[in-house]
Each structure stands twice: as structure tokens, then as C-alpha cells.
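See below for the structure under consideration.
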Amino acid sequence: MASAATCTVTSSDTEPTEFILPDFFSNCPYPMRLNPHCDQVSRACAQWLASEGHLVEPDVTKYTTILRPGYFVSSCYPDADAFHLQVCADFLSWSWKLDDWLEIERSLDVNDAWGMRDCCISAYRDPVNFQTERPSGKMCKSYFSRCKETGGPGCTERFIHTMDIWFISAAKEAENRVKGHINDVESYIEFRRDLSGCKPCFAFIEFTCQIDLPDEVVSHPVIMALEEAANDFIAWSNDIFSYNIEQARNSTHNLVAVLIVKQGLDLQGAIDYCAQLCNISLQRFEETLDKDVAKYVEGLQNWITGTLQWSFKSARYFGKDAHIVKQNRIVKLVPKRPL
């Protein structure tokens, strides 16, 4: 049984200028692999973003060269064929653009978040016949029409359902930003599980493996516990990796920030506490026997290792010094934006 994380309140008279990352790579027991179609799919994804997303510079460079969606999905779905991997890469690059658009470009437009949800869910329900002028909806139609070509009915419905959960959570987060509301630790943990984006990505494990798990398997307590453990590890490690960017934006939607505000931890104490939660999540992750379920469980393992691998291959969190940060694990804080 996983041990409970311990919390030690510390204080400092000076503002921190850096923090030390946990040694995730030494603690993660699963192999790190890369899909052989990575380069091919990366090029195709860049072309898709230009044609379907109508991206221009600097967004073209940001969403291809810097964020590297092709590499991300190649790390998380290492056994997918090129067709299925392409769908995942297009979806992921779209989701990053959508996430930035909702969080940064129109952070105060709560109603638009709900409108985006209605548009995209309608596109998922009928990607061929649904008509919209929203670029985000058109991109949904593009990648999800391809998804439905081979995706099983259970897998497809799980993706739509979990994306709906994500949209609802994104709208609630926008409301929280408008109100200046900061969740307590327990409610943030529950909220983050829906907003991490992991749940629809886990549905794509079935899609890339070309399996369609029965509802009674997916809803089994063991599978749900495995998904939650993988989700927690990915979310908490991501909150650590993204903290530097988010603190510069004065964002408090991050477990590190929540721990600092709500539990009085200093920065390194909050980082270390998050690391404890990640280790507990790995301890909760256990094996299962069913053949198809074993593929799904391996897919969850690939997502644990894939997000770690990509976080230091892309420049999203640590810029051009990512390889140095991976080696010494020291993150220099960037200045906060003026309020």
C-alpha cells in the first residue's frame, strides 16, 4: 500500500530564485520508447496545422518545432502505426492551441469557453455533417472523422465523454480566474484529474492499439485505479515542470502554487511534496492479467514515461536549456509579469 505524503511547513525571508527538480527518471521503472514513425508524423502534423489550423509565424514554430507534438505522441504511443499516430498528433497539437487560446488569449471570456465546448462536442458527434465557422471546430471535424474510421464505438464514446468533462472543467477554471478563486489542495486534486487532458488521451490508447474494451472492463475498479494513478503522476509532474512558466504569469492553477498558498510551504517544500505524490502514484500503479487490458495498461505506462521524455525534448517548459535542466535538475525562476 502506498504511504501517505508528508507535509512540512517551512518559511524564508527571501524570494526564491530557483528550485531543484525531483529525479523522476531514476524513480520511474518503465522503459522509455519512441515510435519509429516519429519524423514522418511530425512533418505531416506541421502540414496539417498549416492547412487546417491556418497557423502563421510565430505559431508555426511554437506548435511544431518548440512543442513537438509528433515527438510527444511517439513517446506515448510507441507501437501505433503511422495513420493512428497522425490522428493523435493532430489532436494533441489542436488541444495545445485550444488550451493556450482559452487560458491566455481570452482568459476572461467564460462564455466563449462554453461556446467552444458546444461546437467541439457537436463536431465529435457528427464530424461529417456538422457545419461551423470556428477554426477549432473545423479542426475537430478533421481529426475526429479520421478517428471514427477505425475507432470502436466504446472507445469513440469514451473519448467524447472525457473531452466533454475537460471542456466543463476548462470553463470552470476560467470562472475561477475571473473570481480570483484558489482551490484547496483536496478540491484542486479532484479538479486537476479532469483538466489534465489525460482521460481522452487514455481513450486513444484503445484507438492506437485497435482494441475496444468492454464497458465492464473499463469501469472495473482496478482499471479505474490504474488510470487515476497514471493521471495523477502525469498531472503532478507536469505541475512541477510548468510551474516556472505559470508563476511568471501569476497563475495559481498549479499544485505547487496551491501548496504554497494553502499549506504555507516554501517553493522547494511544495516541489518535494508534489514529488512525494508522484512516487505514491507510481506505487499505486499495478499489473493486470487480461490480454487486451494488458495492452491498455502498457499504454498507461507509456504515457507516464512519454510525458517525462517529451518534457525535456521539447522547449515548452525549459527552453533551449532543457538538456542542462534534465542533467542538473535546477530550474532558474523567470521574473513574474507585472500585475
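Heavy atoms only: backbone and side chains are in, while hydrogens, waters and symmetry mates are out. Along the sequence shown, residues are numbered consecutively beginning with 1. The structure displayed is predicted, hence computed values, not measured ones.
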- At their closest point, which heavy atom of W114 faces which heavy atom of A171, and how far apart are they? CE2-CB, 3.3 Å

- N/O donor-acceptor pair under 3.5 Å between N250 side chain and R337 backbone: yes

- Query: Are the side chain of R68 and the backbone N or O of T64 linked by a donor-acceptor pair below 3.5 Å?
  - Reply: no

- Message: Taking the side chain as everything from C-beta on, heavy atoms only, tell me whether L259 gets closer than 4.5 Å to Y188.
- Response: no

- Do W96 and L85 sit in the same hydrophobic cluster, where Ile, Leu, Val, Met, Phe, Trp and Tyr count as joined when their side-chain heavy atoms come under 4.5 Å apart? yes

- Item | Any side-chain donor near an acceptor of the partner, S74 and H37, under 3.5 Å | no

- Message: To check you understand the geometry: which heavy-atom pair defines the closest contact between R192 and A235, and what is its length?
- Response: NH2-O, 3.7 Å

- Query: Within a strict 4.5 Å, meaning less than it, do heavy atoms of the W48 and S93 side chains meet?
  - Reply: yes

- Note on the structure: Between the CH2 atom in W303 and the SG atom in C198, the distance rounded to the nearest 0.5 Å is 6.0 Å

- Query: Which atom names give the shortest non-hydrogen contact between V258 and I182, and what distance separates them?
  - Reply: CG2-CG2, 4.3 Å

- With rounding to the nearest 0.5 Å, note down the distance linking CD in E228 to CD1 in I189. 9.5 Å

- Task: Run the numbers on Y317 and Y243 for side-chain contact (heavy atoms from CB on, under 4.5 Å), then give the verdict.
- Result: CA-CA 8 Å; Y317 302 126; Y243 174 76; over 6 Å; no

- Answer yes if I271 and I20 sit in the same cluster of Ile, Leu, Val, Met, Phe, Trp and Tyr residues linked by side chain heavy atoms under 4.5 Å apart, and no otherwise. no

- Task: Please report the closest heavy-atom contact between I223 and V217, naming both atoms and the distance.
- Result: CG1-O, 3.3 Å

- Item | Candidate list F204, F83, W94, test ring-ring contact (aromatic ring centres under 6.0 Å, His included), partner Y143, passing option | W94

- Message: Using side-chain contact (heavy atoms from CB on, under 4.5 Å), reason through L49 and L55 one step at a time and then give a plain yes or no.
- Response: CA-CA 6 Å; L49 280 169; L55 293 189; 3.9 Å; yes

- Task: Verify the distance criterion only: is there a donor paired with an acceptor across the side chains of D39 and S42 at less than 3.5 Å?
- Result: no

- Query: How far apart are the closest heavy atoms of V256 and D239, and which atoms are they?
  - Reply: CG2-O, 4.1 Å

- Is any side-chain heavy atom of N27 closer than 4.5 Å to a side-chain heavy atom of N279? yes

- Determine yes or no for a side-chain-to-main-chain donor-acceptor pair under 3.5 angstrom, with D126 supplying the side chain and S122 the backbone. no

- Message: Could you tell me if N302 and E298 have a donor-acceptor pair between their side chains, going purely by distance under 3.5 Å?
- Response: no

- So, does S95 use its side chain to make a donor-acceptor pair with the main chain of L92 at under 3.5 Å? yes

- Item | Side-chain heavy atoms of W166 within contact of D99, under 4.5 Å | yes

- Item | Criterion ring-ring contact (aromatic ring centres under 6.0 Å, His included) on F144 and F159, from CA distance to verdict | CA-CA 10 Å; F144 205 65; F159 176 86; 5.1 Å; yes

- Message: Are V325 and I245 linked, directly or through intermediate hydrophobic residues, by side-chain heavy-atom contacts shorter than 4.5 Å (ILVMFWY only)?
- Response: yes

- Q327 atom CD: more than 12 heavy-atom contacts under 6.0 Å: no

- Hey, what do you get for NE2 (H161) to CD1 (I121), rounding to the nearest 0.5 Å? 10.0 Å

- Task: Examine K172 relative to F191 and say whether NZ or CZ is less than 6.0 Å from the centre of the six-membered ring and inside a 45° cone about the ring axis.
- Result: no

- Query: Is the shortest heavy-atom distance from the side chain of Q210 to the side chain of H84 under 4.5 Å?
  - Reply: yes

- Run the numbers on E206 and K295 for salt bridge (Lys or Arg N to Asp or Glu O under 4.0 Å), then give the verdict. CA-CA 8 Å; E206 295 178 72; K295 291 182 181 179; over 6 Å; no

- Task: Compare every heavy atom of G137 with every heavy atom of C119, then report the nearest pair and how far apart it is.
- Result: SG-CA, 3.7 Å

- Item | Gap separating the NZ atom of K148 from the CD1 atom of I160, nearest 0.5 angstrom | 6.0 Å

- Side chains of L308 and F233 in contact at under 4.5 Å (non-hydrogen atoms): yes

- Query: Can a donor-acceptor pair be found between the side chains of D164 and Y124 at a distance below 3.5 Å?
  - Reply: no

- Let me see the working for W310 and F241 under ring-ring contact (aromatic ring centres under 6.0 Å, His included), right down to the final yes or no. CA-CA 11 Å; W310 167 82; F241 296 151; 9.0 Å; no

- Which value, rounded to the nearest 0.5 Å, describes the distance between K141 atom NZ and R134 atom CZ? 14.5 Å

- Query: Nearest 0.5 Å, what's the CZ-SG distance between F72 and C88?
  - Reply: 11.0 Å

- Using modelled atom types only, decide if a donor and an acceptor are shared between the side chain of D212 and the backbone of C155 within a distance under 3.5 Å. yes

- Does a sphere of radius 6.0 Å around CE in M32 hold more than 12 heavy atoms from other residues, nucleotides or ligands, not counting ones at 6.0 Å or beyond? yes

- Backbone of K199 reached by a side-chain donor or acceptor of N231 within 3.5 Å: no

- Which is it for Q86 and D90 under the side chain to side chain donor-acceptor pair (under 3.5 Å) test, yes or no, and what are the steps along the way? CA-CA 6 Å; Q86 176 71 54; D90 293 348; 2.7 Å; yes

- Message: Within the structure provided, determine whether L21 and V331 are in side-chain contact (heavy-atom separation under 4.5 Å).
- Response: yes

- Query: How about K336: does its NZ atom have over 12 heavy atoms from other parts shown lying under 6.0 Å from it?
  - Reply: yes

- In one Ile/Leu/Val/Met/Phe/Trp/Tyr side-chain cluster, 4.5 Å: I211, M224: no

- Message: I'd like to know whether R177 forms a side-chain contact (heavy atoms from CB on, under 4.5 Å) with T252, so could you lay out the CA-CA distance, the side-chain angles of the two residues, the decisive distance to 0.1 Å, and finally the verdict.
- Response: CA-CA 9 Å; R177 286 199 302 271; T252 54; over 6 Å; no

- Query: Is the side chain of D321 donor-acceptor paired with the backbone N or O of I324 at a distance under 3.5 Å, no angle test?
  - Reply: no

- Report yes or no: do I234 and F25 belong to one cluster of Ile/Leu/Val/Met/Phe/Trp/Tyr joined by side chain heavy-atom distances under 4.5 Å? yes

- Query: Looking just at side-chain N and O atoms, do E227 and Y296 make a donor-acceptor pair shorter than 3.5 Å?
  - Reply: yes

- Item | Candidate pair S136 and M116, rule side-chain contact (heavy atoms from CB on, under 4.5 Å), full reasoning | CA-CA 8 Å; S136 58; M116 192 77 72; 2.8 Å; yes

- Message: Let's go through Y71 and N35 carefully: what are the C-alpha distance in whole Å and the side-chain angles of both, what is the deciding distance for side chain to side chain donor-acceptor pair (under 3.5 Å) to 0.1 Å, and is it a yes or a no?
- Response: CA-CA 8 Å; Y71 187 92; N35 193 297; over 6 Å; no

- Test item: S187 side-chain N/O and N183 main-chain N/O as donor-acceptor pair under 3.5 Å: no

- Task: With ring-ring contact (aromatic ring centres under 6.0 Å, His included) as the test, would you mind laying out the steps for H323 and F312 before giving the verdict?
- Result: CA-CA 6 Å; H323 64 291; F312 292 90; over 10 Å; no

- Are E57 and T61 linked by a side-chain donor-acceptor pair shorter than 3.5 Å? yes

- Considering only heavy atoms from C-beta outward, does the side chain of Q247 approach that of N254 to under 4.5 Å? no

